[in-house]
Asks: 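Mind having a look at this structure? Questions to follow.
Residue numbers run from 1 in the order of the sequence given. The analysis underlying the following values was restricted to heavy atoms, covering all of them including side chains, and did not include hydrogens, waters or symmetry mates.
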Amino acid sequence: MRGYVNFLALFLPLFKDSAWAQDSGWDPSASTDLFVTANTYELIGFVGKAVTMYATVRGDPRPTSDDISWFKVSGNLPEERVIVSYDLTTNESRLRITDLEFGDEGTYICMAKVNGVVKSVPMALRVVVEPSVERVSSMISSKAVGQSVTFSVTVDGNPMPEADDIYWAKMDQWDLPVYITHDRQTLSDGNKELVIDTLEIADEGSYKSLVVTDEGRADVAFILHVLGMRSIQETAVGVVGNSVTMTCVATYFDMLADSPAISWYRFEDPSTPLPGSSIVSKDVTNHAVSEIVLDNLAWSDDGAYFCTSSYPNYPDHSIYNATLSIRGVTTDPVDTIGVETNGATLSCTASG
């Protein structure tokens, strides 16, 4: 435990030699059927919270609550914040201190005295401040594919958390942490800042900054939305004279005041959107879906297409491209070929 002071070793020799110990008749070597043991000899309490110390007191004759006392080696018990109880069913004496302060730190003694026989047990209490973590950057960030995002926090505690105590994780679908290790994800400022470069759709999700120390743990969450084309129909096959439908899906969230406009283009003419290509509907997964229908297909329609998404309230989240190819075919004969070989004529009809 980092920075831990063993109060038991520090104060017990002073207690043994103190005038109070001599006057009380305390004898650590006394042998009798009186036993006083602690459930734990070292405790950590948090400022502003409560802590309970437990001691098991057994003997013959059986001790009563009047036979048991609690003391603080250096200083007095904070009487206004102390509750002492004794459970006869478990033989447990309990000292509960509420609203802990740093001054409550020290060594406490549970002592039992029956028929002149005295037994006791010391317990060391350390008072600390639980670690805390707070957001510096916004809780929700919306960025486009290819951009970067920065999440930052500030931490506190006593002792102050160090860089090795601060972790970052992306939460999976079960809200379990997947700790940051990707080469596009870097930590800085003593691990209080996470930067993700060259964003991809897969980076979208919930992130947490976690502080884990011997004194406790704390975490805070961030949400990342990645704007851009999420998927696209990779190929489409159309028949000359018929129609074909192509589909692409872009990011859409209710937090955006306006849904994205999606436009379709041919690679041969990337400045001219195809007619009717801005129609957008929202699907059940809260994504924007665009379908474009090309009617009366011709051989010249064969080629590569792409769609773009633009967000009126986020002008810097404008374009992410995806490609699509269609092939034109025909059911009509396109040629008849005659071949003469060895005095015979062979012919065939080709179709697309």
Asks: Give me the other members of the hydrophobic cluster that Val212 sits in, counting Ile, Leu, Val, Met, Phe, Trp and Tyr linked by side-chain heavy atoms under 4.5 Å, directly or via other members.
Replies: Tyr167, Tyr179, Leu210

Asks: Got a sec, which residues hit side chain to side chain donor-acceptor pair (under 3.5 Å) with Arg217, two or more places apart in sequence or on another chain?
Replies: none

Asks: Taking only residues at least two apart or on different chains, which pairs with a member in residues 94-151 satisfy ring-ring contact (aromatic ring centres under 6.0 Å, His included)?
Replies: Phe151-Tyr207, Phe151-Phe222

Asks: Pairs in or reaching into residues 187-197: which pass side chain to side chain donor-acceptor pair (under 3.5 Å), with residues at least two apart or in two chains?
Replies: Ser188-Glu193

Asks: Under 3.5 Å, is there a donor-acceptor pair between the side chain of Asp165 and the main chain of Glu162?
Replies: yes

Asks: I need the full list of ring-ring contact (aromatic ring centres under 6.0 Å, His included) pairs touching residues 42-70, with sequence neighbours left out, sorted by first then second residue.
Replies: none

Asks: Test of understanding: with side-chain contact (heavy atoms from CB on, under 4.5 Å), list the residues that count as partners of Ala218, not counting sequence neighbours.
Replies: Val133

Asks: Going by the rule side chain to side chain donor-acceptor pair (under 3.5 Å), which residues pair with Thr198 if we only count those two or more places apart in sequence or in a different chain?
Replies: none

Asks: Using the test side-chain contact (heavy atoms from CB on, under 4.5 Å), find all partners of Asp66 that sit at least two apart in sequence or belong to another chain.
Replies: Thr64

Asks: With sequence neighbours excluded, what pairs up with Ser271 under the side chain to side chain donor-acceptor pair (under 3.5 Å) test?
Replies: Asp269

Asks: I'd like to know if Arg184 pairs up with Asp203 as an ion pair, taking the criterion as any Lys NZ or Arg NE/NH1/NH2 lying under 4.0 Å from an Asp or Glu carboxylate oxygen.
Replies: yes

Asks: Using the side chain to side chain donor-acceptor pair (under 3.5 Å) rule, collect all pairs that involve residues 130-140, keeping only residues at least two apart or in two chains.
Replies: Lys49-Glu130

Asks: Looking at residues at least two apart in the chain, or sitting in another chain, which of them share a side chain to side chain donor-acceptor pair (under 3.5 Å) with Thr40?
Replies: none

Asks: Suppose the criterion is ring-ring contact (aromatic ring centres under 6.0 Å, His included): which pairs have a residue in residues 119-149, not counting sequence neighbours?
Replies: none

